[in-house]
Amino acid sequence: MSDVEPAAVAARQALSREAIARAAMRVLEREGIAGLSMRKVAAEVGVKAASLYWHVRNKEQLLDLLNDELMADAQPPPRNGEWREQFREYCMRYRAHLLGRRDAAKVVAGRLAPGPHLLGLMEDQLDRLRGAGFADRDAALITYVLGAYVQGFVLQEQAPLSADQTQGVPRDVVAGTAADRFRSLPQDTHPNLVALADHLTLPTMEERFRFGVERLLDGMSALLADQHRGRLGRDDEDIQSSGSAGQGR
């Protein structure tokens with residue numbers, strides 16, 4: 001038996017889904033999602049690719065593990081202030097978290113494979129929403145909508161604006177070129193594009209993100225107000241009904 005074989009046996013015995021997830025994170029940070037493979041993750045933990053298949057069957061299952069591992073150090077905001085302040089901060093933190101990890105948005109977007117880290121965050125969000133008075137179905141849908149907005153926004157802001165940006169042209173220069181294009185359009189056929197050229201191209205991604213978050217929060221506020229009015233209406237009906245029953249006696 002060679003000197004290598006005992007080390008390989010020990011590595012296989014020490015292998016776990018948690019160790020694989022951490023190794024996959026290192027490969028992701030180094031090579032991005034396009035460079036992530038079972039073979040590279042196996043090499044990262046010092047085993048042959050075949051050993052990984054005892055724990056994960058394919059790259060999609062590997063991405064399921066990564067989906068949770070990416071949230072291992074995510075911190076929910078403190079429970080200070082009203083629910084609106086808390087969920088505004090939730091969105092800001094989530095965006096920063098995804099931007100801080102290579103290709104993180106590409107891993108998590110559209111994926112529902114919650115492990116212990118994600119389960120904790122989901123439980124925290126739902127608890128805050130139900131505590132604020134949102135109906136159960138609405139609370140569940142809100143967590144989906146907010147997550148989808150942040151993930152989709154990050155995917156878009158990390159994508160190149162055009163082929164020019166992939167060739168090294170700065171993003172703001174590409175946006176400026178688009179603004180010039182809008183302004184040069186015929187006024188009679190594209191009056192709105194001409195008039196709004198700067199509004200379409202000048203806002204920073206931070207401004208765009210915050211605008212979207214506030215509009216989502218506006219919708220949530222309106223939903224909660226409708227629920228409150230509905231409850232008051234039902235209470236009034238119950239009171240009237242009780243009064244009518246009393247008169248009948």
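Index from 1, following the sequence.
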Taking only distance into account, with no hydrogens and no angle test, what donor-acceptor pairs under 3.5 Å do side-chain atoms of residues 37-44 form with protein atoms, sequence neighbours excluded?
| unit_1 | atom_1 | unit_2 | atom_2 | d |
| --- | --- | --- | --- | --- |
| S37 | OG | K40 | N | 3.1 |
| K40 | NZ | E31 | OE1 | 2.6 |
| K40 | NZ | G35 | O | 3.1 |
| E44 | OE1 | R30 | NH1 | 3.4 |
| E44 | OE1 | R30 | NH2 | 2.8 |
| E44 | OE2 | R26 | NE | 2.9 |

Side chains of residues 173-186: which donor-acceptor pairs under 3.5 Å do they make with residues two or more places apart or in other chains?
| unit_1 | atom_1 | unit_2 | atom_2 | d |
| --- | --- | --- | --- | --- |
| T177 | OG1 | V173 | O | 3.0 |
| D180 | OD1 | R183 | NH2 | 2.8 |
| R183 | NH1 | D198 | OD1 | 2.5 |
| S184 | OG | D180 | O | 3.4 |
| S184 | OG | R181 | O | 2.8 |

Side-chain atoms of residues 145-152: list all donor-acceptor pairs with protein atoms under 3.5 Å, sequence neighbours left out, distances to 0.1 Å.
| unit_1 | atom_1 | unit_2 | atom_2 | d |
| --- | --- | --- | --- | --- |
| Y149 | OH | F209 | O | 3.0 |
| Q151 | NE2 | Y94 | OH | 2.9 |

Between side-chain atoms of residues 159-167 and protein atoms elsewhere (two or more places apart, or another chain), which donor-acceptor pairs fall under 3.5 Å?
| unit_1 | atom_1 | unit_2 | atom_2 | d |
| --- | --- | --- | --- | --- |
| S162 | OG | D164 | N | 3.2 |
| Q165 | OE1 | L161 | N | 2.9 |
| T166 | OG1 | A163 | O | 2.5 |

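Counting side-chain heavy-atom gaps under 4.5 Å among Ile, Leu, Val, Met, Phe, Trp and Tyr, L141 is found in no cluster with other residues. L126 forms part of no hydrophobic cluster, judged by ILVMFWY side-chain heavy-atom separations under 4.5 Å.
Evaluation of the ring pair (Phe, Tyr, Trp, His ring centres under 6.0 Å) test over residues 19-53, restricted to residues two or more places apart or in two chains, returns none. Within the structure, every pair that satisfies the ring pair (Phe, Tyr, Trp, His ring centres under 6.0 Å) test and touches residues 114-146, not counting sequence neighbours, is listed here: W83-F134.
Take S221 and apply the side chain to side chain donor-acceptor pair (under 3.5 Å) test, not counting sequence neighbours, and it matches R84. By the side chain to side chain donor-acceptor pair (under 3.5 Å) test, D136 pairs with R130, sequence neighbours left out. Checked against side chain to side chain donor-acceptor pair (under 3.5 Å), Q125 has no partners two or more places apart in sequence or in another chain. In this view, Q187 satisfies the side chain to side chain donor-acceptor pair (under 3.5 Å) rule with no residue, not counting sequence neighbours.
Side-chain contact, N80 with E89: no donor N or O sits under 3.5 Å from an acceptor N or O.
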